[in-house]
Amino acid sequence: MKYRLVIFDMDGTLTEELIDFAAIRAEMGLPVDGGILEHMKRMTGEERARAAAILDRHEAEAAERCGIHEGAAEVLERLREMGVRTALLTRNSRGCAERILARHGLTLEHVATREDLPHKPHPDSILNILRRMRVEPTETLMVGDYVYDLQAARAAGVDSALVLSRDGGRLPDYANMATRCVRNLRELLDLLHRGGAPLNGEKS
């Protein structure tokens with residue numbers, strides 16, 4: 001088996017992404033470009049507290065409504081059976097992540113959230129997990145649905161699988177950053193189940 005550890009993003013990868021980022025930006029008074037967390041880092045005092053409250057409210061509402069993507073529980077269980085360790089890496093809050101995982105009965109060995117700095121796409125968002133779990137980058141696969149996941153994986157020197165859950169499954173302009181693209185989590189499981197052959201960058 002090529003991988004000893006698979007790190008999953010949450011929204012859009014294991015679970016439905018129901019957070020309305022455009023509405024959050026509008027409520028915070030942010031521009032349309034740049035990450036929300038990155039904008040918040042530049043805020044101070046009451047402004048940052050207000051923005052954090054807005055973000056927490058939107059995340060909490062989504063956490064109570066979102067479903068999980070087909071195959072999520074099956075993939076995590078199968079990885080456990082194969083002896084592959086699992087971790088979650090999300091820019092969501094710990095409270096939000098724990099609520100979603102509890103609602104859907106999903107268990108991962110390690111959970112890294114917004115409270116665990118630095119955030120994706122910084123390479124240490126992944127490398128800190130590897131240090132904690134004592135796994136090498138060459139033994140790790142990052143699975144996500146957005147450019148931050150791929151940027152973090154590339155910077156950390158780990159393979160990546162892009163789940164095409166956005167825009168009707170069309171390839172985004174950042175797809176070429178992924179080691180492999182898969183249409184869904186079951187396709188990822190099929191890939192790993194075939195003996196963990198190295199992902200070769202071909203798009204499914």
Side-chain angles (χ1 to χ4, degrees), residues 3 5-25 27-28 35-41 48-49 51-80 84-133 135 140-153 156 158 160-163 165-166 184-185 188-189:
Y3 303 111
L5 170 66
V6 179
I7 303 174
F8 291 90
D9 169 56
M10 187 170 68
D11 289 348
T13 301
L14 289 178
T15 67
E16 294 178 312
E17 184 173 77
L18 297 184
I19 299 175
D20 188 338
F21 292 104
I24 293 173
R25 289 173 183 277
E27 194 171 347
M28 289 184 182
I36 290 173
L37 297 183
E38 285 69 26
H39 282 296
M40 289 176 62
K41 285 180 183 178
R48 180 180 289 186
I54 292 170
L55 183 57
D56 287 344
R57 172 166 47 81
H58 279 268
E59 285 185 350
E61 291 172 356
E64 295 301 325
R65 297 185 296 113
C66 75
I68 58 173
H69 281 167
E70 185 177 357
E74 178 185 346
V75 167
L76 294 177
E77 178 60 28
R78 180 59 184 142
L79 289 175
R80 279 191 290 273
V84 179
R85 304 171 76 182
T86 58
L88 183 75
L89 176 59
T90 177
R91 286 164 59 103
N92 288 55
S93 70
R94 181 163 296 276
C96 174
E98 290 179 347
R99 175 56 180 158
I100 290 173
L101 295 177
R103 280 187 59 230
H104 297 293
L106 302 180
T107 301
L108 298 96
E109 185 173 339
H110 178 68
V111 175
T113 64
R114 179 158 70 241
E115 291 79 1
D116 300 295
L117 300 176
H119 311 124
K120 292 180 292 185
H122 196 288
D124 277 343
S125 63
I126 289 178
L127 293 175
N128 286 342
I129 295 175
L130 271 56
R131 295 180 189 115
R132 181 185 180 95
M133 302 182 74
V135 178
T140 303
L141 176 67
M142 176 73 210
V143 181
D145 72 311
Y146 190 55
V147 64
Y148 290 159
D149 305 304
L150 306 184
Q151 290 172 334
V158 307
S160 60
L162 177 65
V163 181
S165 60
R166 294 171 177 263
N184 52 59
L185 291 173
L188 173 70
L189 184 61

Can you find a pair of side-chain heavy atoms, one from Ile19 and one from Cys66, that are under 4.5 Å apart?
no
Val143 and Val75, any side-chain heavy atoms less than 4.5 Å apart = no
If you compare all heavy atoms of [X] against all heavy atoms of [Y], which two are closest, and at what distance to 0.1 Å?
{"X": "Asn184", "Y": "Val163", "value": "CA-CG1, 4.2 Å"}
{"X": "Ala72", "Y": "Leu14", "value": "CB-O, 3.7 Å"}
{"X": "Asp149", "Y": "Gly144", "value": "OD2-CA, 3.5 Å"}
{"X": "Leu5", "Y": "Ala87", "value": "CD1-N, 4.1 Å"}
{"X": "His58", "Y": "Ile24", "value": "CG-CG1, 3.5 Å"}
{"X": "Ala152", "Y": "Ser125", "value": "CB-OG, 4.0 Å"}

From [X] [atom1] over to [Y] [atom2], what is the distance, rounded to the nearest 0.5 angstrom?
{"X": "Arg91", "Y": "Leu37", "atom1": "CZ", "atom2": "CG", "answer": "4.0 Å"}
{"X": "Glu98", "Y": "Thr113", "atom1": "CD", "atom2": "OG1", "answer": "7.5 Å"}
{"X": "Met10", "Y": "Asn92", "atom1": "CE", "atom2": "CG", "answer": "4.0 Å"}
{"X": "Phe8", "Y": "Leu79", "atom1": "CZ", "atom2": "CG", "answer": "5.0 Å"}
{"X": "Phe21", "Y": "Met28", "atom1": "CZ", "atom2": "CE", "answer": "10.5 Å"}
{"X": "Leu55", "Y": "Cys96", "atom1": "CG", "atom2": "SG", "answer": "9.0 Å"}

Sequence neighbours excluded, the answer for side-chain hydrogen bond (donor to acceptor under 3.5 Å, both in side chains) partners of Gln151 is none
- Query: Just by distance, do the side chain of Ser165 and the backbone of Gly12 share a donor-acceptor pair under 3.5 Å?
  - Reply: yes
Is a side-chain donor or acceptor of His104 paired with a backbone partner of Ala73 at a separation under 3.5 angstrom? no
Exactly one of Leu130, Leu141, Val135 clears side-chain contact (heavy atoms from CB on, under 4.5 Å) with Ile7, and that residue is Leu130
The single option from Ile68, Leu162, Thr90, Asp145 that satisfies side-chain contact (heavy atoms from CB on, under 4.5 Å) with Thr13 is Asp145
side-chain contact (heavy atoms from CB on, under 4.5 Å) for Glu16 and Ile100? Distances and angles first, verdict last. CA-CA 10 Å; Glu16 294 178 312; Ile100 290 173; over 6 Å; no
Checklist line | Test log, rule side-chain contact (heavy atoms from CB on, under 4.5 Å), inputs Met142 and Asp9 | finding: CA-CA 8 Å; Met142 176 73 210; Asp9 169 56; 4.2 Å; yes
Does Glu70, at its CD atom, have more than 12 non-hydrogen atoms belonging to other residues, nucleotides or ligands within less than 6.0 Å? no
Cationic N near anionic O, under 4.0 Å, Glu17 to Arg166: yes
Ring pair (Phe, Tyr, Trp, His ring centres under 6.0 Å) filter on Tyr146, not counting sequence neighbours, yields Tyr148, Tyr174
For residues 104-117, the salt bridge (charged side-chain N to carboxylate O under 4.0 Å, His left out) pairs (sequence neighbours left out) are Asp56-Arg114, Glu59-Arg114, Arg85-Glu109, Arg94-Asp116
